[in-house]
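The next block holds one structure in the form of structure tokens; read it before the comments.
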Amino acid sequence: MTPISRTPARAALAAATLALAGCASFTPDGGFAEVERLTRERTGQTPRLQRGAEPDAATRARLDALLAQPLSADAAVELALLNNRALQAQFAGLGIAEADRVQAGRLPNPTLRFGRLAGGGVTEIDRAVLVDVLGLLALPAASAAGQRGFEQAQWRAADDAVNLAAQARQAFFRAVAAQQLAVYAADVKDAADASSELARRMRAAGNFSRLAQMREQAFEADANAQLARARHQAVAERERLTRLLGLGGAAGPAFTLPDRLPDLPAQPIEPRDAEQTALDQRLDVQLAKRAAESTAASLGLTRATRFVNVLDAGWQNQSTSGEPRRSGYEIELVLPLFDFGQTRVKRAEAVYLQAMHRAAQVATDARSEVRESYSAYRTAYELARHYRDEVVPLRQRLFDENLLRYNGMLVSVFELLADAREQVGGVTAAVQALRDHWIAETQLRSALTGRSPAGAPFADSAAPAAPAAPAASH
């Protein structure tokens, strides 16, 4: 072949090389737009990627605006998505995944080899440039694998954001309920103090038995203990919310909670095609599917390269003093004499089988968790409505009836106080039931579009119980 005929071939090869080298590049937003979309569809809120140690001016202005008024559940979610540093750390991992994607789509660097031998008045120089041929052949498959890994990183980042949003919403309802119960426990304690003081004075006047006074005193002691527990629970729940919002700095948690929980909705939510929605929208289900697909694709690459895993080719030049320069080529190939690549193929097949079974189990769990979460939600809704419409009004009517009897001097003041104390348990249970409803609703939405709900809405053993009312005495 003449030099003139070789020139177009070399030019075409150089052009193809440049085209391949330019196909892998970084995206302008680091792939965060997809994370924003997935999170917004499932939470109604849009996260932001912080590219510095401190929030930018726009984010800081939004944080200040949210903190300037009492929080709502949506505001708590937005604060967490904007300010939680652990979430920002997960978002930073997206840049690592993109760097891996770009690296997988870049041409392998050539290897330059140079050798020099001198002696006896003769100098011999060897020059060689080697290129990983197998890396060039596998570049499209490797680039596709890097892209799949980057997409999985985007979904994982969105999954972390959606999970944080659910945790922040639940923590908000727990904190508001704990604060509300602490205020109510303080009112109960004041009433118990007044009742105990009245019993002491009547005992001193000889108008009250020692047993009756001790009962009032016992209720006062119990009310004081319950108030201490309720106040600690309010602090603990507030601090838990503080951590999720990322506000635990030296300046302290600068946010205000509303005085009471939101009212119960007029009607419960009725999701349509809940199980299919979970299979289509849940991020953990989609991640498991994509992991299986990625493993299946990598299995094809493993089978294609099972016999050859090192293949280098390149140009070689040698010159010796006093002799003409010689040029040629060099090929370096690992011969599959002892390892025919079967172990790699078998391993890839086992990994794919593992990923396939995991994806199937995640889908099965998602269906079951949706059914369980919906049952928990409807139970919580019905209980909250029962306390609101039946228990609390009935307790109030009983108290009003006894108040009429007290005004007619048919019952004593201690019978009236005992009846008022019966309301304590009903009101406390009503607040807890309303809290459980909002938590169960959050977990249902998470089961539909996010990931597996964490914990049952009724498992709150730390919630302060109402003090037991003593028997009526007079």
Side-chain angles (χ1 to χ4, degrees), residues 38-45 71-78 80 159 161-178 180-181 237 240-241 244 257-258 260-286 362-392 426-463:
L38 292 171
T39 306
R40 184 171 55 251
E41 288 176 351
R42 288 158 177 81
T43 66
Q45 304 286 350
L71 290 184
S72 64
D74 290 338
V77 170
E78 186 176 359
D159 183 51
V162 172
N163 182 52
L164 175 64
Q167 290 185 28
R169 186 175 292 271
Q170 293 181 64
F172 169 80
F173 293 128
R174 292 182 186 276
V176 174
Q180 189 174 347
L181 289 173
E237 296 295 351
R240 186 174 292 113
L241 177 61
L244 290 171
L257 292 174
R260 58 192 302 272
L261 289 167
D263 293 332
L264 191 69
Q267 297 294 330
I269 58 176
E270 297 284 352
R272 295 183 178 180
D273 300 326
E275 293 183 30
Q276 189 60 45
T277 300
L279 294 180
D280 296 337
Q281 297 294 324
R282 269 182 59 154
L283 292 172
D284 56 351
V285 175
Q286 297 303 317
V362 170
T364 300
D365 292 346
R367 288 176 175 270
S368 174
E369 287 165 357
V370 166
R371 294 191 296 267
E372 180 184 358
S373 297
Y374 182 70
S375 175
Y377 165 74
R378 286 307 302 263
T379 302
Y381 181 87
E382 296 300 334
L383 282 174
R385 183 165 61 180
H386 174 68
Y387 276 101
R388 183 196 65 183
D389 298 343
E390 300 293 338
V391 176
V392 174
V427 173
T428 301
V431 173
Q432 292 172 342
L434 184 58
R435 174 205 61 195
D436 292 342
H437 159 265
W438 288 114
I439 293 175
E441 183 193 61
T442 302
Q443 292 181 339
L444 174 60
R445 295 186 185 278
S446 180
L448 286 170
T449 61
R451 63 163 64 170
S452 175
F458 307 110
D460 192 6
S461 58

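As the structure is a prediction and not an experimental result, all values here were calculated from the model.
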Between CG on residue Leu444 and CD1 on residue Ile269, distance to nearest 0.5 Å: 4.5 Å
Where do Ala165 and Thr43 come nearest, in terms of heavy atoms and distance? CB-CG2, 3.8 Å
Pairwise side-chain contact, Val162 with Leu283, heavy-atom cut-off 4.5 Å (strictly under): yes
Looking at every heavy atom in both Ile439 and Gln170, which two are closest together, and how far apart are they? CG2-OE1, 3.5 Å
Do the non-hydrogen side-chain atoms of Leu448 and Pro271 ever get within less than 4.5 Å of each other? yes
Run the salt-bridge test on Glu237 and Arg435 with the 4.0 Å N-O cut-off and return the result as yes or no. no
Please name the pair of heavy atoms, one in Gly426 and one in Val391, separated by the smallest distance, quoted to 0.1 Å. CA-CG1, 4.3 Å
Ignoring hydrogens and geometry, is there a side-chain-to-backbone donor-acceptor pair from Thr449 to Arg445 under 3.5 Å? yes
Evaluate the side chain to side chain contact (heavy atoms under 4.5 Å, CB included) criterion for residues Val370 and Thr277: first the C-alpha distance (whole Å), next the side-chain angles of each, then the deciding distance (0.1 Å), finally the verdict. CA-CA 10 Å; Val370 166; Thr277 300; over 6 Å; no
Across all chains, not counting sequence neighbours, the side chain to side chain donor-acceptor pair (under 3.5 Å) partners of Arg169 are Asp74
Should we count CD of Glu275 as having more than 12 external heavy atoms under 6.0 Å? yes
Of all the heavy-atom pairs spanning Tyr387 and Ala433, show the shortest one and how long it is. CD1-CB, 3.9 Å
Give, for atom NE2 of His386 and atom OG1 of Thr379, the distance between the pair rounded to the nearest 0.5 Å. 13.0 Å
Is there side-chain contact between Arg371 and Tyr374, with at least one heavy-atom pair below 4.5 Å? no
Minimal heavy-atom distance between Ala376 and Ala440, with the atoms involved, is O-CB, 4.1 Å
Measuring from Arg260:CZ to Leu181:CG, what's the distance to the nearest 0.5 Å? 12.5 Å
Heavy atoms of Thr442 and Ala166 approach each other most closely as CG2-O, 3.7 Å
Drop me the distance from Glu369's CD to Asp284's CG, to the nearest 0.5 angstrom. 7.5 Å
CD (Glu390) and CG (Leu383) are apart, to the nearest 0.5 Å, by 12.5 Å
Tyr377 and His437 aromatic ring geometry - parallel, tilted or perpendicular at 30°/60° bounds: tilted
Taking side chain as C-beta onward, heavy atoms only, is Arg240 less than 4.5 Å from Gln167? no
Going by the side chain to side chain contact (heavy atoms under 4.5 Å, CB included) test, name the single residue among Val427, Leu434, Thr428, Leu261 that passes it with Gln180. Leu261
For the side chain of Gln45 and the backbone of Arg40, is there at least one donor-acceptor N/O pair under 3.5 Å apart? no
Euclidean distance, Leu71 CG relative to Phe172 CZ, rounded to 0.5 Å: 6.5 Å
Do side-chain atoms of Arg282 reach the backbone of Ala447 as a donor and acceptor pair under 3.5 angstrom? yes
